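Below is one structure, written out as C-alpha cells; the observations come after it.
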Amino acid sequence: MEYTEIPFSCDGCKEAGIGLKYKCQVCHDFDLHKACALPPPSITNPFYKKCDFRFYYSSPGSVMRMCDACGKDVLGFVYHCDRCGFDLHPCCANLPHVLNDGERNLYLCMKLSSACHYCGRKGVGWSYRSECKNYNLHVACVKELLVESWQAMYLNVDKNKMREMQTKIPSLKGKLVNHHTSKAAATRGAKIKRCCQIAGGAVRVIICAILGDPTALIAAAVGTFISK
C-alpha cells in the first residue's frame with residue numbers, strides 16, 4: 001500500500017483513483033483501489049434492499065453492463081446482483097452515504113427532485129444533495145468533470161484538448177451563476193459568491209469519495225480539478 005496525490009487508473013475496476021492504493025512492487029505498473037484490492041465477496045446496499053451483490057472480476061454475461069450508481073460502463077471488477085441484474089463499481093458501492101465538506105453534510109440519494117447544478121437535469125442517477133436540498137450534484141457529473149480534467153493534465157493529451165478542459169472545468173461556476181440569477185436577482189451577488197464557495201468544498205469531497213479516499217487530506221490535493 002502507498003499514498004499518492006496523483007490520480008491513477010485502477011487496473012481492477014478501470015476507474016480513476018487517488019490517495020491510498022495497492023501497487024505492485026515488481027512491475028510497478030499495476031495499481032488497485034483499496035476497495036478493489038480487498039473486496040468483500042458479497043455486499044448489501046440500502047438503496048437495493050432485495051439485492052445480494054456478488055463480487056466479479058469481470059462483467060458477468062456477454063452483454064456490456066453499466067453501473068447503476070453512476071451510469072458508466074462496467075469495464076472490470078464489479079458487484080453484480082444475479083437476481084435483479086443491478087451492477088455497481090466497487091468504489092460506487094463504497095460511496096459514503098453522508099459526506100461533510102467542513103461546513104455542511106451532503107447526503108447520497110438515488111435520484112434528484114431538483115436540478116443538478118452541473119448538468120441541470122433531475123431524475124435517476126446517484127447524487128449528493130445538501131442538507132438544505134438546494135445544492136445537488138450527480139455522481140456521474142462529478143466523474144465526468146474529474147476524469148476529463150485528469151486526462152487533460154496527466155495523460156499527455158494534445159494542447160487543444162487541454163485548453164478545452166481548462167475552459168470546461170470552471171463551467172460549474174457559470175451554471176451556478178445562471179441558476180441563482182434567475183431565482184433571486186436582487187441578492188444574486190452574495191448568493192452566487194456563497195454558492196460557488198459551497199461548490200468548491202462539495203466538489204472536492206465528492207471527488208475524494210468517488211476516487212476511493214473521502215478524507216480531508218485528499219480534498220486539498222484535488223483542488224486543482226475545479227475552478228477556485
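Note that this is a predicted model, so its numbers are computed, not measured.
Counting all heavy atoms, side chain and backbone alike, V74 lies closest to S59 at CG1-CB, 4.0 Å. Closest approach of C70 and K143 over heavy atoms only: SG-NZ, 3.2 Å. Here the shortest heavy-atom pairing between N45 and F53 reads CB-CE1, 4.1 Å. In terms of heavy atoms, A69 sits closest to C92 at CB-CB, 3.7 Å. The shortest heavy-atom contact between A115 and K122 is N-CG, 3.8 Å.
No side-chain heavy atom of H80 sits under 4.5 Å from any side-chain heavy atom of R54. P39 is not listed as a side-chain neighbour of P90, based on a closest heavy-atom distance of 4.5 Å or more. Looking at heavy atoms from C-beta onward, Y135 lies in side-chain contact with H117 at the 4.5 angstrom threshold.
Following chains of ILVMFWY side-chain contacts shorter than 4.5 Å, one can reach F55 starting from F86, so the two form part of one hydrophobic cluster. Cluster membership for L75 and V78, using ILVMFWY side-chain heavy atoms within less than 4.5 angstrom, is not shared. Under the 4.5 Å side-chain heavy-atom criterion for ILVMFWY residues, no single connected hydrophobic cluster contains both V139 and V98. Clustering ILVMFWY residues whenever any of their side-chain heavy atoms sit less than 4.5 angstrom apart, transitively, puts L95 in the very cluster that holds V142.
Distance CG/D52 to SG/C81: 6.5 Å, rounded to 0.5 Å. Between S127 atom OG and L112 atom CG the span is 3.5 Å, to the nearest 0.5 Å. Note that the CG atom of L88 and the CZ atom of R65 stand 11.0 Å from one another [nearest 0.5 Å]. Here the SG atom belonging to C10 is positioned 10.5 Å from the NE2 atom belonging to H89, to the nearest 0.5 angstrom. Here N94 contributes atom CG and I43 contributes atom CD1; the two are 6.5 Å apart, rounded to the nearest 0.5 Å. Note that SG of C109 is 7.0 Å distant from CG of N136, once rounded to the nearest 0.5 Å.
A donor-acceptor distance shorter than 3.5 angstrom exists from the side chain of D68 to the backbone of D87, with no hydrogens or angles considered. H33 places a side-chain N or O within 3.5 Å of a backbone atom of A16 that can act as its donor or acceptor partner. A donor-acceptor pair under 3.5 Å is absent between the side-chain atoms of S42 and the main chain of P40, judged by distance alone. In this structure, R121 contributes its side chain and H138 its backbone to no donor-acceptor pair below 3.5 Å.
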Dump the intermediate steps for side chain to side chain contact (heavy atoms under 4.5 Å, CB included) on M66 and D73, then the final yes or no. CA-CA 4 Å; M66 293 192 306; D73 289 340; 3.6 Å; yes
What do the steps show when you test L106 against L137 for side chain to side chain contact (heavy atoms under 4.5 Å, CB included), and what is the final call? CA-CA 10 Å; L106 301 164; L137 274 174; over 6 Å; no
Check against side chain to side chain contact (heavy atoms under 4.5 Å, CB included), F8 and K21: CA-CA 9 Å; F8 62 90; K21 67 176 181 178; 3.5 Å; yes
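Ring centroid separation for the pair F77 and Y56 does not come in under the 6.0 Å cut-off. Between Y128 and Y107, the gap from one ring centroid to the other reaches at least 6.0 Å.
A cation-pi geometry, defined here as NZ or CZ lying under 6.0 Å from the six-membered ring centre and within 45° of its normal, does not hold between K23 and F30.
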